[in-house]
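Scroll down for the structure; my scribbles are underneath it.
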Amino acid sequence: MPEPNFATITLGHTNLVTGKRVHEIEIPSFGLGVWQMSEGGECKTAVQHAISSGYRLIDTARSYANEYETGSAIFDSEVSREEIFLVTKLRRPHATSYEAVLDHCQISMEKLGMNKIDLYLVHAPPEDIASRAAVWRGMEECLERGWTRAIGVSNYGAHHLDDMRSYATIMPCVNQIELHPWNQRPALRAATEAAGAHVMAYSPLARGHKLNCSNLAKIAESVGCTPAQAAIKWVHDTGAITIPKSSNPNRIVENLESLSIDLKGTESAFSSMDEVYISGWNPTAEP
Ligand SMILES: NC(=O)c1ccc[n+]([C@@H]2O[C@H](COP(=O)([O-])OP(=O)(O)OC[C@H]3O[C@@H](n4cnc5c(N)ncnc54)[C@H](OP(=O)(O)O)[C@@H]3O)[C@@H](O)[C@H]2O)c1
């Protein structure tokens, strides 16, 4: 089996009462996203192929409706559960109250077949603004009870993170956001870091929408890799954890191999590609 060639990153949560970093854990800087993989075997096959190719981080969510296959792929793989970092997310319609968070965290664990999640995320800022504090208290309780090793958020804008300072005891260790060469988000990256959280980049290929981009093709040719590899490596080089999705066995390996590509000399070409492109939803801009 190939040795994983990604780095690990230390995540931590800032305790707003003591000012200390608590609940520190290590996460691989690269992994597989499983959104849009069906439970008819597609998800299980892809996750098992990824693990046997060297992946050690898998990103799922309740809303992807594949927690069961994701968990069973991990348990049936040749790697122990402890070596895999599993992320799942509290579905937005479930993010309504403290009790709902506890209930849905337990349901996710049941579906995954796991007694502990590695990182549990609020999928997007709860739509009912008044429930955000209670939802986060529920997340903190999941951490305290040992149901998850770390907690974070996804699709939080700078103002959502700032608001957390008024109701959180501990701040999130991650903000998972859309990030790729066509939406480089310097302000949101800075706000995430200011909150003590690490950026986790989703849709590094802009969901595949931009793989025909001529600027990307030129960069890829200049460094001798595929366009997808150049985009993924650019995201990884920003320091973000990234989780490209593929259910194609060759592309699963191709994406992992992007980590050994050297993009030196392409910095200004990438800088000029930002067009603030949103590939799907953008809850970061909501109130
Ligand atoms: N928190 C959130 O709100 C949120 C939102 C979106 C995504 N995510 C997470 O981030 C993960 C990745 O984002 P994403 O799924 O939106 O999009 P993505 O990773 O940017 O792109 C996936 C698309 O690119 C194709 N692809 C993958 N590798 C390729 C390659 N080497 N060459 C050509 N095409 C390639 C895939 O098709 P094939 O499968 O056929 O290869 C798929 O159509 C998700 O799976 C999910 O875990 C989170």
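Start at 1 and go down the list; that is how both ligands and their atoms are numbered.
- Remark: side-chain polar atoms of K116 are paired, donor with acceptor, to backbone N or O of G146 under 3.5 angstrom.
- Annotation: N155 places an N or O atom under 3.5 Å from an N or O atom of ligand 1; distance criterion only.
- Checked against the 6.0 Å centroid threshold, Y55 and F30 count as a close aromatic pair.
- Looking at atom 10 (O) of ligand 1, its nearest protein heavy atom turns out to be Y202 CB, 3.2 Å.
- Here the protein heavy atom with the shortest distance to atom 11 (C) of ligand 1 is I243 O, 3.2 Å.
- When hydrophobic clusters are built by joining Ile, Leu, Val, Met, Phe, Trp and Tyr residues whose side-chain heavy atoms come closer than 4.5 Å, directly or via intermediates, V135 is grouped together with M109.
- H104 and Q106 form no side-chain donor-acceptor contact under 3.5 Å, judged by distance and modelled atom types alone.
- For ligand 1, the polar-atom distance check finds no N/O of N248 at less than 3.5 Å from any of the ligand's N/O atoms.
- The residue among N282, I58, L205 with a heavy atom at the shortest distance from atom 24 (O) of ligand 1 is L205.
- Of the listed residues (A206, S203, A228), the one carrying the non-hydrogen atom nearest atom 14 (P) of ligand 1 is S203.
- For atom 47 (O) of ligand 1, the closest non-hydrogen atom on the protein side is D59 OD2, 2.7 Å.
- No donor-acceptor pair closer than 3.5 Å links the side chain of T148 to the backbone N or O of I151.
- When each of H198, E26, E24 is tested with T10 by the rule side chain to side chain donor-acceptor pair (under 3.5 Å), just one qualifies, namely E26.
- Looking at atom 44 (C) of ligand 1, its nearest protein heavy atom turns out to be W35 CB, 3.6 Å.
- Under the ring-ring contact (aromatic ring centres under 6.0 Å, His included) criterion, F85 pairs with no residue at all, not counting sequence neighbours.
- Taking 4.5 Å as the limit, some side-chain heavy atom of L119 sits within range of a side-chain heavy atom of C173.
- The protein non-hydrogen atom at the shortest distance from atom 21 (O) of ligand 1 is R207 CA, 3.4 Å.
- A donor-acceptor contact closer than 3.5 angstrom links the side chains of S80 and E83.
- The heavy atom nearest to atom 27 (C) of ligand 1, out of those in H180, K245, R251, is found in K245.
- Listed by atom number, the atoms of ligand 1 under 4.0 Å from P204 heavy atoms are 19 (O), 20 (O).
- By heavy-atom distance, the residue among I177, N255, T284 lying nearest atom 28 (N) of ligand 1 is N255.
- Counting only heavy atoms of the protein, atom 34 (N) of ligand 1 lies nearest to L211 CD1, 3.4 Å.
- Nearest to atom 46 (C) of ligand 1 among the protein's heavy atoms is Y64 OH, 3.3 Å.
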